Amino acid sequence: MTYKSTKIIVLFVFGITSVVNAQTNDATTPLHLMQPDYPTPYVIPQKENIKVVLDRVYNFLDKNSASKIINATTKAEITDYKKNKEDVIFEPGAFRLTSYEWGVTYAGMLLASKATGEKYFADYSNKRIKLIADVAENIQEKNIKDKDMLKTLHPEALDFAGALCAAFIKAKKDGLKANVDPLVNNYIDFISNKQFRLKDGTLARNRPQDNTLWLDDMFMSVPALAQMGSYTGNVKYFDDAVKQVNQFSKRMFNEQKGIYMHGWVESMEVHPQFHWGRANGWAVMTMVELLEVLPKNHPGYPQVLAQLQKHIAGLVQYQDGTGFWHQLLDRNDSYLETSATAIYTYSIARAINRGYVDKMTYAPAVLLGWNAVASKVNDKGQVEGTCVGTGMGFDPAFYYYRPVNVFAAHGYGPVLLAGSEVILLLKDSQFQINDSSIQLKIEGKNNLHK
């Protein structure tokens, strides 16, 4: 992959080049030299500091997620899978290895390895993906007593298929030596042939009501279809991926606001619009991931690119002054939420790095977004401020009062992705900042994708 090199220069107003706290102001400070009291650090992130944050997340996850299988009764480690006749489970851990959240985490670790050059990030994913593949290949199903592993063998919803499928293919492309193809084929068969769809082929659910679209399901399906298209060369997967983006967007994208509603129920004459942050994150990340592998000569490429550009333009209008985005994007009295902020930071940064959107316009939102995200990674490597798993609601209270928790798995992969992509952005560009405003001047050609 290539990144266009563009030097970005920030113009200085009043000659102020330092970022200081408003507490340095006193009665003698001229008004035009008074410093703002920013709630989030208003600085250019440094690559080495981002890596410190990523390392904290890595260390926390490496210690708190399983990396082996054990005897379900004695808890002894199982090492010889082929000869095993015992009942097995994954060793205890704070997080599930076969959830969609961990599909995002595996992808985040793989990208962190590329961005930092550190092999241990990729090793985290490869070790666990190989473990899952080895269990699926060698352990008789009757001996598997781990409910999550059984769900990955027999997906019951897109949640148990799409994100893992995409991550497994990425790992395989990057050189993972493991037999992931049976699992990948199982996942894609579920997405393509078994998941419920509307009459026009849009992936849907029959909860909370019949014929319901969840915006989340764009991400739970499309990146897997896209990666499968790239992996096999079969255009039918690209065709289905593009169709899903277009048909979800037709029903759920608010053209005036530039953002998506969370849920759509076919039987409703009026569709309540609750613009949930993380669901919009899944949507914008879906389009970035699709464009990554979708052939440019595919007839759906311009449509997906245009939709991504509209969505990013809409999202940045709702960024809070702290750098975060709100739980409900267009309701500023809803709380500031970390996982959505991380997903937007990653997706917009990657869109910049791939030339899908203009660097001058959107880089400031990315840098401020990362500063916000980094402030929520505590000394233990835990990600704070992440909304727990959330269904679909039709009233504001449902979203306003969803709990947040450091063990909400949804925050970790997006933080890894965001930090990694910002490192790549910083490698490609030079930034400076002043206290009055960020004003960018680009030397050379604009990087907007043609």
Side-chain angles (χ1 to χ4, degrees), residues 55-110 112-113 119-157 159-161 163-165 167-172 174-187 190 380-383 388-389 405-413 416:
D55 281 338
R56 289 208 304 267
V57 173
Y58 164 83
N59 288 326
F60 174 70
L61 295 185
D62 194 47
K63 293 175 182 176
N64 289 279
S65 50
S67 61
K68 62 186 72 169
I69 60 170
I70 60 175
N71 184 291
T73 303
T74 68
K75 313 306 180 189
E77 181 180 359
I78 305 296
T79 56
D80 191 342
Y81 304 141
K82 292 184 178 181
K83 293 183 179 180
N84 178 73
K85 303 297 182 183
E86 305 166 353
D87 291 343
V88 303
I89 57 173
F90 290 120
E91 68 174 325
F95 303 99
R96 301 176 297 170
L97 296 187
T98 56
S99 67
Y100 69 88
E101 304 98 323
W102 239 239
V104 182
T105 301
Y106 295 140
M109 289 285 187
L110 294 173
S113 189
K119 184 173 178 289
Y120 53 82
F121 288 108
D123 287 346
Y124 174 95
S125 293
N126 291 335
K127 181 176 183 179
R128 288 161 177 83
I129 294 172
K130 186 176 186 304
L131 174 65
I132 296 166
D134 286 344
V135 170
E137 182 178 15
N138 297 303
I139 303 293
Q140 293 188 42
E141 189 172 327
K142 67 178 182 179
N143 294 124
I144 298 174
K145 301 304 177 183
D146 191 284
K147 293 181 180 179
D148 292 321
M149 184 64 197
L150 291 173
K151 286 180 180 179
T152 212
L153 296 176
H154 303 285
E156 301 170 353
D159 293 4
F160 303 114
L164 289 169
C165 182
F168 286 15
I169 295 174
K170 288 180 179 180
K172 187 74 173 180
D174 287 350
L176 172 64
K177 306 298 183 183
N179 185 22
V180 299
D181 284 359
L183 284 171
V184 165
N185 291 331
N186 185 45
Y187 295 142
F190 179 83
K380 295 178 181 179
Q382 298 169 327
V383 176
V388 300
N405 196 285
V406 295
F407 292 104
H410 314 73
Y412 291 91
L416 290 164

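Remember, predicted model here, so these are calculated numbers, not experimental data.
Of the inter-residue distances, the one linking N84 atom CG with Q140 atom CD reads 9.0 Å to the nearest 0.5 angstrom. Between atom CD1 of residue I132 and atom CD1 of residue I69 there is a gap of 11.5 Å, rounded to the nearest 0.5 Å. To the nearest 0.5 Å, atoms CG (N143) and CD1 (I89) are separated by 13.0 Å. Between atom CG of residue L164 and atom OH of residue Y187 there is a gap of 4.5 Å, rounded to the nearest 0.5 Å. Separation of atoms CG (D134) and CD1 (I129) is listed at 12.0 Å; rounding is to 0.5 Å. A distance of 9.0 Å separates CD1 of I139 from CD of E86, quoted to the nearest 0.5 Å.
In this structure, the side chains of Q382 and F407 come closer than 4.5 Å at one or more pairs of heavy atoms. Proximity of V88 to D146: side-chain heavy atoms (C-beta onward) are nowhere separated by under 4.5 Å. Between D62 and Y120 the shortest side-chain heavy-atom distance does not fall below 4.5 Å. A heavy-atom distance below 4.5 Å is not found between the side chains of V57 and F121.
Checking side-chain atoms of N186 against main-chain N and O of P182 turns up no donor-acceptor pair under 3.5 Å. The main-chain N or O of N71 is never found under 3.5 Å from a side-chain atom of K145 such that the two would form a donor-acceptor pair. A distance-only check finds no donor-acceptor pair linking the side chain of R96 to the backbone of W102 [under 3.5 Å]. Looking at E91, its side chain does come within 3.5 Å of a backbone N or O of S67 through a donor-acceptor pair. Judged by distance alone, with hydrogens and angles left aside, the side-chain atoms of Y106 form a donor-acceptor pair with the main-chain N or O of L97 at under 3.5 Å. Remark: side-chain polar atoms of S113 are not paired, donor with acceptor, to backbone N or O of M109 under 3.5 angstrom.
A ring-centre distance under 6.0 Å is not found for F190 and F160.
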(message) Is there a salt bridge (Lys or Arg N to Asp or Glu O under 4.0 Å) between K130 and D123? Walk through the geometry before answering.
(response) CA-CA 10 Å; K130 186 176 186 304; D123 287 346; over 6 Å; no
(request) Begin from the C-alpha positions of D148 and F90 and carry the test side chain to side chain contact (heavy atoms under 4.5 Å, CB included) through to its verdict. (result) CA-CA 9 Å; D148 292 321; F90 290 120; 5.5 Å; no
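For the pair A409 and E101, the tightest heavy-atom approach, listed with the atom from each and the gap, is CB-CB, 3.7 Å. Heavy-atom minimum distance, L150 versus I144: CD1-O, 3.7 Å. Considering all non-hydrogen atoms of both residues, L110 and A167 come closest at CD1-O, 4.2 Å. For G413 against T105, the heavy-atom pair with the smallest separation is N-OG1, 3.4 Å. What you find for A133 and V180 is that their closest heavy atoms are CB-CG1, 4.2 Å. What you find for K170 and A107 is that their closest heavy atoms are NZ-CB, 4.2 Å.
Using cut-offs of 30° and 60° for the angle between ring planes, the F60 and F95 rings count as perpendicular. Taking the six-membered ring where the residue is Trp, Y58 and Y124 present perpendicular rings, their angle passing 60° and hence far from 30°.
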